Enquirer: 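Take this structure, written in structure tokens, and hold onto it; I'll ask about it next.
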Amino acid sequence: MKKVYSILLLLVFWVGIISVPAQKNVGKTSTKDAQIEAKVNALLAKMTLAEKLGQLQQLDGDWGTGEARPEQLELARKGLLGSTLNVRGFKGANDLQKAAMESRLKIPVLLGFDVIHGYRTQFPVPLGESASWDLEAIERAAHIAAKEAKSTGLHWTFAPMVDIARDPRWGRVVEGAGEDTFLGSKIAFARVRGFQGDDMSADDRVMACAKHFVGYGAAEGGRDYNTTDMSEQRLRDIYLPPFKAAVDAGVGSFMTSFNSLNGVPSTANPFLWKTLVEKEWKSNALVVTDYNATKELVNHAIAADEAEAAMKTLNAGVDLEMVSKAINQNGEKLLKEGKITMATIDDAVRSVLRAKFRVGAFDFKPIDEAKQKASILTDENRKAAREIAGKSMVLLKNDNNTLPISKSVKSLAVIGFLANDKRNMLGNWTADAKPEDAVTLMEGLKNKLGSSVKLNYAMGCELKCTDTKGFDEAVKAAKNSDFVIITAGEDADWSAEAASRSDISLPAGQTELIKAIHSTGKPYAVVLMNGRPLTINWEAENSPAILETWFSGTEAGNAIADVLFGDVNPSGKLPITFPRSGGQIPLYYNALPTGRPFAEKDKYTSKYLDIPNTPLFPFGYGLSYTTFKLSNMQLSQTRIGKNGTITVSVDLENTGKRDGAEVVQVYIRDMDASMSRPVKELKGFQKVFLKAGEKRKIEIPIKVSDLGFYNAQMQYVVEEGQFRVMVGTDSQNIKDEMSEFFTVVK
Ligand code: BGC
């Protein structure tokens, strides 16, 4: 298929006609794409088989130094290395590209790296940033990350991860946008735009990578790398849309996922690459395997050896092999045996070369050390990181306005390991961030309060909190202070790759420490730092205030202090449900109804004997230091055609004494469809800033074409009939007067 596109585009270029490019929205104009296609084909025509197989190889440079290994430099000199991961920086990038320029065809090496939530300046972990529901801020963070990365010679980030994650046991929930398809798709679009802009060859942009295609977040048992099995409807309705949104934003690459989907590993799955990505979405983005994933097809037991693994990878429509060398070493043999064709190899090489032209790699200019230094961790970037971190924090509880803390307190006890730890502030996947760049909460408080407030720090215990030796000191600090801030949560490495947890509670000792502080009777706030939902039942029941800060990046401490003291009014909303117990997982707001919906007094309804069905904190939830009121909900019409747009309007009033932002959320339910449809689904939202006392009419348009689903015949359909619209400030507490009906007609 890719081959057909290439030939067509070449023809288009030759006759000089400007027409629609093969790939939607990639590059500024179709002319540019056609020009690239012509250059790709011209280069391809000159290549030997060995050079072609070299292009299909990505090798792992030295992560620590950012330099290519000697054997990689040698391969580049011979024109036998397509791409690297982890090679970066003026020395690493310059040496490798110089070596490539000594090769026969002078094809540069494509340099990729995991720039997940920042390069040197770290923004909140992606799940945290998603809690901002602020698409402009999210796009800006990706743009800054791209700019810093590009200054070090990188072309390509392995981000965004757009896997929908409904299982908080899976450590990689931290890398995505949470559980919801609609929010996740908007964020996927924003992140791809932020990384790539309109032109990924620009000085401040890199190529993005939609990963991990697909279903990686639905691993059974929440155990990383485990099997995924789901209906095609679920795949299409829930898991594919964020990837499609990435395509719509022009994403330049995809990554395979480690899991098998319905029995077929992604890296050898032609349905994913040929049917969905190429045919249905008409994307010719570069497809890279995940780390060693071709070789691992042998472990999946769908390939007897690496040669068969290479054959299945290439024939599935995957282009570039990360780290393992199965394609490179077996390509010639497979070709001779007729197990792969030259056309297949050429298609894969085209993808790699196309990406190199798109990112401007052929225009390599040596990286200048001084320029690189001046581009990263600038004051401006730190300022943006602080602002976005503030927007990402979610106020989970705030009895009797415990927060914000009055600036007239004389003393403050600060308890907990995380309050004084730099490394964890950065989260996981920290690219080139340095712990010493990070601002701890202690430092943030000092920066804010100067010497006017006495800070009494006590660690209490380490993160695993297995002994109580430090509790007395912590209690003493609390007793000697006007207010207590106690941090609790995870190590950044507990929510990451290969970091699944069967029990997502706080380590028991941490809760014991909080109980000890609680019993002093002092006012206190729990500041959570973590990368996944936690089952914090005791704290939710007993602690007066809880602020979820995730791992909020380089400026963590300053941003948390901003929120704790009310200089920033919290406005984050949970992008993922917090369950009461691991036994409820998977628990997500947009579930299908059952034939026996929960009824308290009827035993034979869907429920647990020991806990409620409801979450601890629902999707979309988050408090503010002010209060908001919704009223006067109206629909633009009550009957609407399938191509129409219905506008939901509502008055939002800031009824409190502080300025603040609220996220108005619109949920829809299809009341009577040919298949059971979710009890509610987010279909629109708007984050609105209002001054204290201000009231504004909010209008949120909903396209009827977005209300469809895949039916039993795998057709996307919007069915006629009644729909319910619900407006709220979270997914659970929707008042009766905030619900209306409309009918979709032909
Ligand atoms: C991860 C990917 C990552 C790659 C390269 C793999 O282990 O699954 O998300 O991009 O490593 O570092």
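Here the structure is a predicted model, which is why all the values come from computation and not from measurement. Start at 1 and go down the list; that is how both ligands and their atoms are numbered.
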Enquirer: Select one of side chain, backbone, both or neither to describe which atoms of Asn86 lie under 4.0 Å from any atom of ligand 1, heavy atoms only.
Expert: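 Within the 4.0 Å criterion, Asn86 makes no contact with ligand 1.
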Enquirer: More than 12 non-hydrogen atoms from neighbouring residues, nucleotides or ligands closer than 6.0 Å to NZ on Lys434, yes or no?
Expert: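 Buried by this count: over 12 neighbours within 6.0 Å.
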Enquirer: Establish, yes or no, whether a centroid distance under 6.0 Å links the rings of Phe619 and Trp133.
Expert: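 Distance test on ring centres: under 6.0 Å, yes.
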Enquirer: Which of the numbered atoms in ligand 1 are under 4.0 angstrom from any heavy atom belonging to Met255?
Expert: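 Matching atoms, with element in brackets: 2 (C), 10 (O).
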Enquirer: For Trp281 together with Phe213, are the ring centres under 6.0 Å from each other?
Expert: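 So the answer is yes for these two rings.
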Enquirer: Only heavy atoms count here, so choose which of Val323, Asp290, Leu85, Asp224 is nearest to atom 2 (C) of ligand 1.
Expert: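 Of the listed residues, Asp290 has the closest heavy atom.
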Enquirer: Only heavy atoms of Phe158, strictly under 4.0 Å: list the atoms of ligand 1 that pass.
Expert: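 In order of numbering, the contacting atoms are 10 (O).
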Enquirer: Taking atom CZ of Arg234 as the centre, does the number of heavy atoms from other residues, nucleotides or ligands within less than 6.0 Å exceed 12?
Expert: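 Open.
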Enquirer: For the 3.5 Å polar cut-off, considering only N or O atoms, please tell me whether Tyr291 and ligand 1 meet it.
Expert: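 Looking only at distances, the answer is no, because the N/O contact criterion of under 3.5 Å is not met.
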Enquirer: So, are Arg350 and Asp346 salt-bridged, with charged N and O less than 4.0 Å apart?
Expert: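 Judged by the 4.0 Å cut-off on N to carboxylate O distance, Arg350 and Asp346 do not form a salt bridge.
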Enquirer: Is there a heavy atom of Phe113 sitting under 4.0 angstrom from any atom of ligand 1?
Expert: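 Judged by the 4.0 Å heavy-atom criterion, Phe113 does not count as contacting ligand 1.
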Enquirer: Can you classify the ring geometry of Trp63 versus Phe113 as parallel (below 30°), tilted (30 to 60°) or perpendicular (above 60°)?
Expert: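 Rings of Trp63 and Phe113: tilted, as their planes differ by 30° to 60°.
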Enquirer: Counting from 1, what ligand 1 atoms have a heavy atom of His212 closer than 4.0 Å?
Expert: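 Ligand 1 atoms under the 4.0 Å threshold to His212: 2 (C), 8 (O), 9 (O).
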Enquirer: Do any nitrogen or oxygen atoms of Arg172 lie less than 3.5 angstrom from nitrogen or oxygen atoms of ligand 1?
Expert: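 Indeed, backbone or side chain, Arg172 has an N or O that close.
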Enquirer: Distance under 4.0 Å to a non-hydrogen atom of Lys211: what atoms of ligand 1 satisfy this?
Expert: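 With Lys211 as reference, the close atoms of ligand 1 come out as 2 (C), 3 (C), 9 (O), 10 (O).
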Enquirer: Does any N/O atom on Asp114 come nearer than 3.5 Å to any N/O atom on ligand 1?
Expert: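 Min N/O separation from ligand 1 is below 3.5 Å for Asp114.
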Enquirer: Looking at atom 7 (O) of ligand 1, what's its closest protein heavy atom, distance included?
Expert: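 Closest protein heavy atom to atom 7 (O) of ligand 1: Glu497 OE1, 2.8 Å.
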Enquirer: Flag yes if more than 12 heavy atoms outside Asp203 fall under 6.0 Å of its CG atom; otherwise flag no.
Expert: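 Count not over threshold, so no.
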Enquirer: Does Met161 approach ligand 1 within less than 4.0 angstrom via side chain, backbone, both or neither, non-hydrogen atoms only?
Expert: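 Near ligand 1, Met161 shows nothing, with every heavy atom at 4.0 Å or more.
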Enquirer: Going by atom types only, do Asn86 and Asp62 share a side-chain donor-acceptor pair under 3.5 Å?
Expert: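 Short answer, no.
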